[in-house]
Amino acid sequence: MTDEKDALKNDESKPLNFIEQIVEEDLKSGKHGGRVQTRFPPEPNGYLHIGHAKAICLVFGIASEYGGKCNLRFDDTNPITEDTSYVDAIRKDIKWMGFDWEDREFYASDYFDQLYEFALKLISKGKAYVCQLSAEEVNATRGTDFEPDQPSPYRNRPIEENLDLFRRMKNGEFPNDSMTLRSKIDLASTNMQMRDPILYRIRHAHHHRTGDKWCIYPMYDWAHGQSDSIEGITHSLCTLEFVPHRPLYEWFIQELEIFPSRQIEFARLNLSYTIMSKRKLLQLVTEGHVSGWDDPRMPTLHGLRRRGYTPASIRAFTELVGIAKRENVIDVALLEFCIREDLNKIAPRVMAVLNPVKLIIDNYPVGQTEELETVNNPEDESAGKRKMPFSRELYIERDDFMEDPPKKYFRLSPGSEVRLKSAYIIKCESVVKNFDGLITEIHVTYDPSSHSGSAEAQRKVKGTLHWVSTPHALDAEVRLYDRLFSDPDPDGHKEQNFKEFLNPDSLTVLAHCKVEPSLKYANHLDHLQFTRLGYFNVDPDSTPERLVFNRTVGLKDTWAKQNT
RNA sequence: UGUCCUGUGGUGUAACCGGCAACACGUCUGAUUCUGGAUCAGAAGAGUCCAGGUUCGAGCCCUGGCAGGACAACCA
């Protein structure tokens, strides 16, 4: 991991993204004494997804690239949506991605006391007031783009009274929603965020960390920037939707005279055919469209992990998508490219027949079995070899045989010769069909001198087929996942509409898959490549009695064109 | 009808102090046959949102438009 980062840093040909440029300028000018400190600030109200992975790689990456540190800080200011189960899931995901926040695990709720003191300071300066308007009433005072808001009747409440009321708010003397603390900024600002934003609301709710200590909770704007300052964050990286909040972020820093963290925004990741909105993902879970946050079809890190994605492939992906400020939609094909590229190197090749048809070798002795050696991974010699049982009856893929083949069909057909992977060259002699005309047996003869690896075996044949020995084959269940949504941009649709694009065929279970016997106790194997079917992992529910495999990603779909 | 952000091949990201628009994915073509849908070789595809201006020279600087996005939660 560290080596990888160092290599990146030393790669002069790699252009700097705009954030790296900012950091380097700051370093050059000696800002903050050359210190770089970032943070990853998730709200524990959902699972992390591939979009968060981009942010994680960015903030941890920037820190390590410039000799800094990155904190993990849970933005837990809203007790009614947050939960410790999410905290645990988020921690697990960041570790899985390969990043380490060491002992710097913080919580915005750690700063509630400090934040309260800050609020008292703001009130004392006459820059905040306790407002007793209801949410509806506040809305009614809102102006328009070119009309200022009407001032709250409580806007000019005396400082002492504000201090008293705010203390009593904190002490629980008032019911939920009865009053708020608002900052006093500029009701005519063209930036809506500056029109007396709310700092605190009353919530008599149990918090997953502070319990019942507090009944007033800070809003995002009041908590986030100040938490950055408290931690001495030098570069506070966030997504574009917070751009209009930056003036407020800076206003608080100036008024409170605290550490000047700088907020820098970048464009969030969007993936085609994929939903990233946490709210919508939650809906998929709660309404039962998926089995949970870790459903293999979910874009969550938990889902991707269960599906067989590797952290390295996701890191490579975030590197490829880059960092910029323009809205973007990344083609899922790029993510799939990254996982194929990774798995191609590490996944052992295994024989599996999805749609089997029997192949009988007429001149092979009845009852004989031999063990043939085959390489586990042609891309990686250190992966070693294994034995495959071979016998008179085999299964091959039904579409690897054609009775009446087109010109460039290089697989098996009447009279043609092909090689059985790691075994012998065979020649098709005849076929047996049932009443419906369906082929039930293919009869072939084999060339005993064409054993894989022998001198005679140098003879060229047109095609190579994968196979499994019928008496030795294991039954397995293979899950092929299609995309969850049929629309390229389901996230672009507002509100409920995204559900119209749910793909009813997103999960297909195929029984009757035949796999080679070496997979009986394959649970320890993380990744496999089933010949021509794609990359798979072993489902956590799999047992030796019931083998279940998830397809991580299919192989690149050019088979039809190659037709060989 | 406001403020802010952003406009570069199909997608994404580059292009130093203005100097022949590059890389990756995707697409296509060819080679290759013990599977590797890999690999190798090659091709097509943008003249940088538009219109002016400055300049020997503009994706980059200036002016004016246009388009897309964000912002009007007691969410973050």
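Treat the numbers as computed from the prediction; the structure is a model and nothing was measured.
Looking at heavy-atom distances under 4.0 Å, A:F242 makes contact with a base. Residue contacts for A:M351: at a heavy-atom cut-off of 4.0 Å it reaches no nucleic acid atom on any strand shown. Residue A:R246 is classed as having no contact, given no heavy-atom separation below 4.0 Å to the nucleic acid. Nucleic acid contact for A:E336: none, since no nucleic acid atom lies under 4.0 Å from a heavy atom of the residue. A:E265 comes within 4.0 angstrom of no nucleic acid atom, judged by non-hydrogen atoms across all strands. When heavy atoms are screened at a 4.0 angstrom cut-off, A:N139 is found touching the sugar-phosphate backbone but no base atom. Nucleic acid contact for A:I323: sugar-phosphate only, since backbone atoms but no base atoms lie under 4.0 Å from a heavy atom of the residue. Within the 4.0 angstrom heavy-atom criterion, only backbone atoms of the sugar-phosphate kind lie near A:V461; the bases stay farther away. Note on A:E379: only backbone sugar-phosphate atoms sit closer than 4.0 angstrom, heavy atoms only; bases stay farther off. Nucleic acid contact class of A:D177 (heavy atoms, under 4.0 Å, all strands): base. Among the heavy atoms of the strands, none lies under 4.0 Å from A:S189.
Side-chain proximity of A:F146 to B:rG2, B:rC34, B:rC74: nearest is B:rG2. Comparing B:rA76, B:rG36, B:rA72 by their closest approach to the side chain of A:R349 singles out B:rG36. Here the nucleotide nearest the side chain of A:F410, chosen from B:rU1, B:rU33, B:rA14, is B:rU33. Listed nucleotides B:rA70, B:rA76, B:rA38 differ in distance to A:Y220; the shortest reach to its side chain belongs to B:rA76. With B:rA72, B:rC75, B:rC34 as the choices, the nucleotide that has an atom nearest any side-chain atom of A:S422 turns out to be B:rC34. Candidate nucleotides B:rG37, B:rA76, B:rA14 were compared by shortest atom distance to the side chain of A:M219, and B:rA76 ranks first. Comparing B:rG37, B:rC75, B:rG2 against the side chain of A:Q529 picks out B:rG37 as the nearest.
Taking a 6.0 Å sphere around NZ of A:K427, one finds it holds 12 or fewer heavy atoms contributed by other residues, nucleotides or ligands.
Only the P atoms considered, B:rC49 is 14 Å distant from B:rU6, to the nearest whole Å. Comparing the same atom, C1', in B:rG9 and in B:rA24 gives a spacing of 13 Å after rounding to whole Å. When the P atom is used for both B:rA51 and B:rG12, the distance is 23 Å, rounded to whole Å. For B:rG36 and B:rC71, the P atoms lie 49 Å apart once the distance is rounded to whole Å. Rounded to whole Å, the separation between the C1' atoms of B:rA21 and B:rG37 comes to 33 Å. B:rC60 and B:rU3 are spaced 24 Å apart, taking the P atom of each and rounding to whole Å.
Using a 4.0 Å cut-off between charged nitrogen and carboxylate oxygen, A:E516 and A:R386 count as a salt-bridge pair. For A:R532 and A:E397, the salt-bridge test fails: no basic side-chain N is under 4.0 Å from an acidic carboxylate O. The residues A:E250 and A:R262 are annotated as not salt-bridged, no charged nitrogen and carboxylate oxygen being separated by less than 4.0 angstrom. Using a cut-off of 4.0 Å between Lys/Arg side-chain N and Asp/Glu carboxylate O, A:D491 and A:K280 are scored as salt-bridged. Ionic pairing of A:D196 and A:R155 is present here: one or more N-O contacts between side-chain nitrogen and carboxylate oxygen are shorter than 4.0 angstrom.
Map A:A324 and A:L133 each onto its nearest nucleotide of RNA chain B; the residue landing nearer the 5' end is A:A324. Place A:Q21 and A:L465 on RNA chain B by their nearest nucleotides, and A:Q21 ends up nearer the 5' end.
Taking atom CD on A:E136 and atom P on B:rA73, their separation rounds to 12 Å, with Å as the unit. In this entry the distance linking OH of A:Y535 with C1' of B:rG36 reads 8 Å, nearest Å. Across the protein-nucleic acid pair, A:L412 atom CG and B:rU33 atom P stand 19 Å apart, rounded to whole Å. Rounded to an integer number of Å, the gap from CG of A:D342 to C1' of B:rA38 is 15 Å. Note: CD (A:E25) to C1' (B:rC17) measures 14 Å, nearest angstrom. Between the CD atom of A:E250 and the C1' atom of B:rC4 there is a distance of 13 Å, rounded to whole Å. A:K325 has its NZ atom 10 Å from the C1' atom of B:rC4, to the nearest Å. When the C1' atom of B:rG37 is taken as reference, atom NE2 of A:H466 falls 12 Å away, rounded to whole Å.
Under the Watson-Crick or G-U wobble criterion, with both distances below 3.5 Å, B:rU32 has no partner in any strand shown. With both pairing distances under 3.5 Å, B:rC16 is matched to nothing as a Watson-Crick or G-U wobble pair. B:rA43 is paired with B:rU27 under the criterion used here, namely a Watson-Crick or G-U wobble arrangement in which both key atom distances are under 3.5 Å. In this entry B:rC61 has B:rG53 as its Watson-Crick or G-U wobble partner, both defining distances falling under 3.5 Å. Within the shown strands, B:rU6 is the pairing partner of B:rA67 under the Watson-Crick or G-U definition, both distances less than 3.5 Å. Within the shown strands, nothing qualifies as a pairing partner of B:rA73 under the Watson-Crick or G-U definition with both distances less than 3.5 Å.
Counting heavy atoms from C-beta on, the side chains of A:L72 and A:I94 come closer than 4.5 Å. The closest side-chain heavy-atom distance from A:L58 to A:I323 is below 4.5 Å.
The cationic atom of A:K170 (NZ for Lys, CZ for Arg) lies less than 6.0 Å from the six-membered ring centre of A:W214 and within 45° of the ring axis.
Applying the ring-ring contact (aromatic ring centres under 6.0 Å, His included) criterion to A:F401, with sequence neighbours excluded, gives no partner residue.
Shown here, B:rG12 is classed anti by the O4'-C1'-N9-C4 or O4'-C1'-N1-C2 angle, which is more than 90° from 0. Nucleotide B:rC62 is shown with an anti base, its glycosidic torsion being more than 90° from 0.
Using cut-offs of 30° and 60° for the angle between ring planes, the A:F242 and A:H245 rings count as perpendicular.
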Taking only N/O atoms, report every protein-nucleotides 8-11 of chain B pair under 3.5 Å with atom names and distance.
residue, atom, partner, partner atom, Å
B:rU8, OP2, A:R326, NH1, 3.3
B:rU8, O4, A:R326, NH2, 3.1
B:rU11, O3', A:V329, O, 3.3
B:rU11, O2', A:V329, O, 3.0

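Side-chain atoms of A:H245 stay outside donor-acceptor range of the base of B:rA70, with no qualifying N/O pair under 3.5 Å.
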